[in-house]
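To start, the structure itself, in structure tokens.
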Amino acid sequence: MNESAKKAFYITTTLPYVNSKPHMGHALEFVRADAIARYKRLMGFDVCFNTGTDEHGIKIFQKAQEEGVDTQEFVDKNAETFKNLLKSLNISNDKFIRTTDEYHKLAAQEFWKRCFDNGFIYKKTYTGLYCAGCEMFIKEKDLKNGECEIHTGKKLEEIEEENYFFKFSQFGEKLKEYYKENPDFVTPSYRLNELTKMIDEGLEDFSISRLKEKLPWGVKVPNDDEQIMYVWFDALVDYISTLGWPVDSEGQFKKYWEDGETVQICGKDNTQHQALRWQAMLLAAGLPLTNRIIVNGFINSKGQKMSKSLGNVIDPVELVEKYGTDALRYYVLRELSPHEDSDFSIEKFHEAYTANLVNGVGNLVNRILKLAEDYLDKAVDIESKKVFFSQYSDPFDNLDYKKAIDGTWEGVKWVDERIQREEPFKVVKADLEKGKQMIRELVGNLAEVAWHLQPFLPKTAEAIFDAIAKNKKPETPLFPRID
RNA sequence: GCCGAGGUAGCUUAGUUGGUUAGAGCGGUCGUCUCAUACGCGACAGGUCGUGAGUUCGAAUCUCACCCUCGGCACCA
């Protein structure tokens, strides 16, 4: 295939904010984006998969101070923990951008300039209640008895501050038009209704900068030494700065963002930032909008939000250490709801692992390859099996990975049933040639399963192909029984 | 408060425009095979489809009321 003829596909996660360590929600977003990216690559798309870390803002600055370390040192260390998570989840990202990367900062400033030049940024005096303890403004709704929740007894000061604002209010109609023309813009679709309603209630301009003395850690506002960009305005630009915008010396921005299909995946708390603010910012800068946004639900544990105080936090890294990368990937992709909040419990995880990976795929691999190893004198040619079934690719083309992975397990079940029905282990003893032919077909079926497994459980798929090529049952089970 | 979604077997859930005995997976029980990781396959049990009323020859599916749960309501990375 001609490289230049490949269709470009771009997918990006949101950038995790590195003020704390990675949690299951991050793992979920990474894995789902990864499955889509891997599928698109297999379908012949020229894929660019972006992720990274969001490293500016007051909270990070404060956290670093609390720990008594230099802010850059602090973010360097935390960015590393996210990189390690990506590695342990076997994420195939092509890019890893950090908002403290020099090229990103320059891009954020250029983005600001374009919006400013186009007349969508202005300066305005802002009056608010400032808590010296938090070193930030406290919103009216967060007041407890007229005081800051954390620093009770401390008097709040009414402070006037000049900040830059973004003319968000001007984009409501344009965004609604875009939603109308692109009904698939947001998945699940009811989120689009929520967004439309928000627009109807009126969009307010929002502040996009802070005084440098209050927020020393961030990207400088162009042509104003007193002001630092508020994190959002800086961070959102990463989706294009990672592609080399604005310089675009390698043509990636043009290829992926302008000419390709663009997909963003995010958590539900991020919906409006991705689908509303960021899109308005793109309009302001005169750039194409995102094609699709996929919104994930949250993960609860035992019906409640995971939190340290409840002691119900499940660490993705620990789970990977015990059950393996593909076990976690499987659970996140198949057993959790694609868009609604879901409950994550070790018990359910363990049950699903045993039922579908140990007794399902793992056992199927062993039973077929034992027969192959014993009765076939050479590896089966499986080249013709390396295609996707339409029941799988049709929904997956539309980013519905859940239907695709469900279909894969229907395939596993079908092969198990076939073995039971045809009893090749008996036939091979009565009629060797006929039995061998059956086993060859089963190896072919196994190859089909492995092919469809690739976007979801890449290591497992690879291990199956490898075992088929060697015509040997794996030395150790793909998914060991864990008690 | 406003807007929206939904309440289906122990758990997770499928059920486009109303139509034969409401499907599936997991879990449970029983049976069975032996190639396989005590795995697989088969069978069974288990549902007044939130409650009440209405429309209809016929409703989980339409209408109304009520109960309950959940989500969104903006600068929370």
Side-chain angles (χ1 to χ4, degrees), chain A residues 14-20 25-26 53-60 99 126 137 139 141-142 163 165-166 168 188-210 230-236 266-273 276-277 297-298 300 303 334-337 339-343 345 347-348 351-352 354-375 406 409-410 412-413 415-429 435 438-439 442 473-474 476-482:
Chain A
T14 46
L15 300 194
Y17 196 59
V18 295
N19 64 339
S20 60
H26 298 123
T53 42
D54 181 5
E55 307 185 350
H56 288 134
I58 190 74
K59 287 192 179 169
I60 280 172
T99 55
Y126 171 80
F137 286 97
K139 279 169 284 167
K141 64 165 186 156
D142 290 334
N163 289 145
F165 277 74
F166 177 68
F168 193 36
S189 57
Y190 63 80
R191 297 275 173 212
L192 208 55
N193 301 342
E194 290 173 5
L195 293 164
T196 306
K197 177 139 186 303
M198 233 177 274
I199 294 172
D200 288 340
E201 284 170 1
L203 302 178
E204 272 177 41
D205 295 352
F206 57 88
S207 67
I208 53 172
S209 76
R210 294 287 185 271
Y230 186 62
V231 267
W232 275 110
F233 201 88
D234 139 33
L236 288 167
C266 69
K268 68 176 185 182
D269 56 334
N270 241 299
T271 315
Q272 41 179 306
H273 293 110
L276 230 39
R277 294 212 177 96
F298 284 166
N300 296 321
R334 176 139 192 259
E335 303 286 335
L336 298 179
S337 166
H339 304 296
E340 301 301 316
D341 291 359
S342 344
D343 209 71
S345 73
E347 293 77 14
K348 280 188 195 164
E351 216 171 85
T354 305
N356 298 296
L357 296 176
V358 179
N359 299 346
V361 175
N363 185 58
L364 183 68
V365 170
N366 281 6
R367 66 193 304 208
I368 291 175
L369 286 173
K370 180 67 166 60
L371 288 169
E373 184 179 332
D374 289 349
Y375 295 103
D406 281 343
W409 257 265
E410 276 169 35
V412 171
K413 192 174 164 54
V415 183
D416 265 329
E417 284 167 5
R418 181 178 185 184
I419 296 172
Q420 199 59 39
R421 198 172 57 237
E422 300 184 358
E423 303 184 310
F425 43 87
K426 277 185 187 165
V427 173
V428 80
K429 285 168 187 159
M438 274 183 181
I439 294 166
L442 286 170
K473 181 182 140 185
T476 53
L478 261 38
F479 298 101
R481 188 166 297 280
I482 294 171

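Throughout, a chain's letter reflects where its sequence line sits, starting with A, and its residues are numbered from 1.
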Given the rule in the side chain to side chain contact (heavy atoms under 4.5 Å, CB included) test, do A/E204 and A/F165 qualify, once you have shown the distances and angles that lead to the verdict?
-> CA-CA 10 Å; A/E204 272 177 41; A/F165 277 74; over 6 Å; no

Applying a 4.0 Å non-hydrogen cut-off, can you work out what [X] is touching in the nucleic acid: base, sugar-phosphate, or nothing?
X	result
A/R277	base
A/F206	base
A/I439	nothing
A/D406	nothing
A/E335	nothing

Could you walk me through whether A/V231 and A/K59 pass the side chain to side chain contact (heavy atoms under 4.5 Å, CB included) check?
-> CA-CA 10 Å; A/V231 267; A/K59 287 192 179 169; over 6 Å; no

Does the side chain of A/I199 come within less than 4.5 Å of A/L276's, by heavy atoms?
-> yes

So do A/S209 and A/Y230 actually touch side chain to side chain, heavy atoms under 4.5 Å?
-> no

Given protein heavy atoms under 4.0 Å, the one-letter contact record of nucleotides 32-42 of chain B, with B base, S sugar-phosphate only and - none, is simply --SBBB-SBSS

Starting at [atom1] of [X] and ending at [atom2] of [N], how long is that distance when rounded to a whole Å?
X	N	atom1	atom2	answer
A/N356	B/C26	CG	C1'	8 Å
A/Y190	B/C70	OH	C1'	10 Å
A/H339	B/A5	NE2	P	17 Å
A/L192	B/G71	CG	C1'	16 Å
A/E340	B/G7	CD	P	11 Å
A/D341	B/U13	CG	P	11 Å
A/E201	B/G1	CD	P	16 Å
A/N193	B/G6	CG	P	11 Å

Should stems be defined as at least three consecutive Watson-Crick or G-U pairs with both distances under 3.5 angstrom, which of them involve RNA chain B?
-> B:1-7 with B:67-73, B:10-13 with B:23-26, B:28-32 with B:40-44, B:50-54 with B:62-66

Pick the [atom1] atom in [N] and in [M], then give their distance to the nearest Å.
N	M	atom1	value
B/C70	B/C62	C1'	25 Å
B/C3	B/A43	C1'	49 Å
B/U16	B/U48	C1'	27 Å
B/C33	B/A38	C1'	14 Å
B/C41	B/A36	C1'	13 Å
B/U13	B/A22	C1'	13 Å
B/U21	B/U29	C1'	23 Å
B/A45	B/A9	C1'	10 Å

Which atom of [X] lies closest to which atom of [Y], heavy atoms considered:
X	Y	result
A/S337	A/S342	N-OG, 3.1 Å
A/N359	A/R481	OD1-NH2, 2.7 Å
A/E422	A/V427	O-CG2, 3.5 Å
A/R334	A/D406	NE-OD1, 2.6 Å

5′-ward residue of the pair A/M198/A/D205 relative to RNA chain B = A/M198

Heavy-atom nearest nucleotide on RNA chain B taken for A/A352 and for A/R210; more 5' hit belongs to A/A352

Between the side chain of A/D341 and the main-chain N/O of A/F298, is any donor-acceptor distance below 3.5 Å?
-> yes

If only atom types and distance count, is the side chain of A/D205 paired as donor or acceptor with the main-chain N or O of A/F168 below 3.5 Å?
-> yes

Run the side-chain donor-acceptor check on residues 364-371 of chain A: report pairs under 3.5 Å with partners two or more places apart or on a different chain.
from	atom 1	to	atom 2	distance (Å)
A/R367	NH1	A/D416	OD1	2.5
A/K370	NZ	A/D374	OD2	2.7

Residue A/Q272, side-chain atoms from C-beta onward, closest of B/C11, B/C73, B/C75 | B/C73

Residue A/E351, side-chain heavy atoms: nucleotide from B/G72, B/C75, B/G27 that is nearest = B/G27

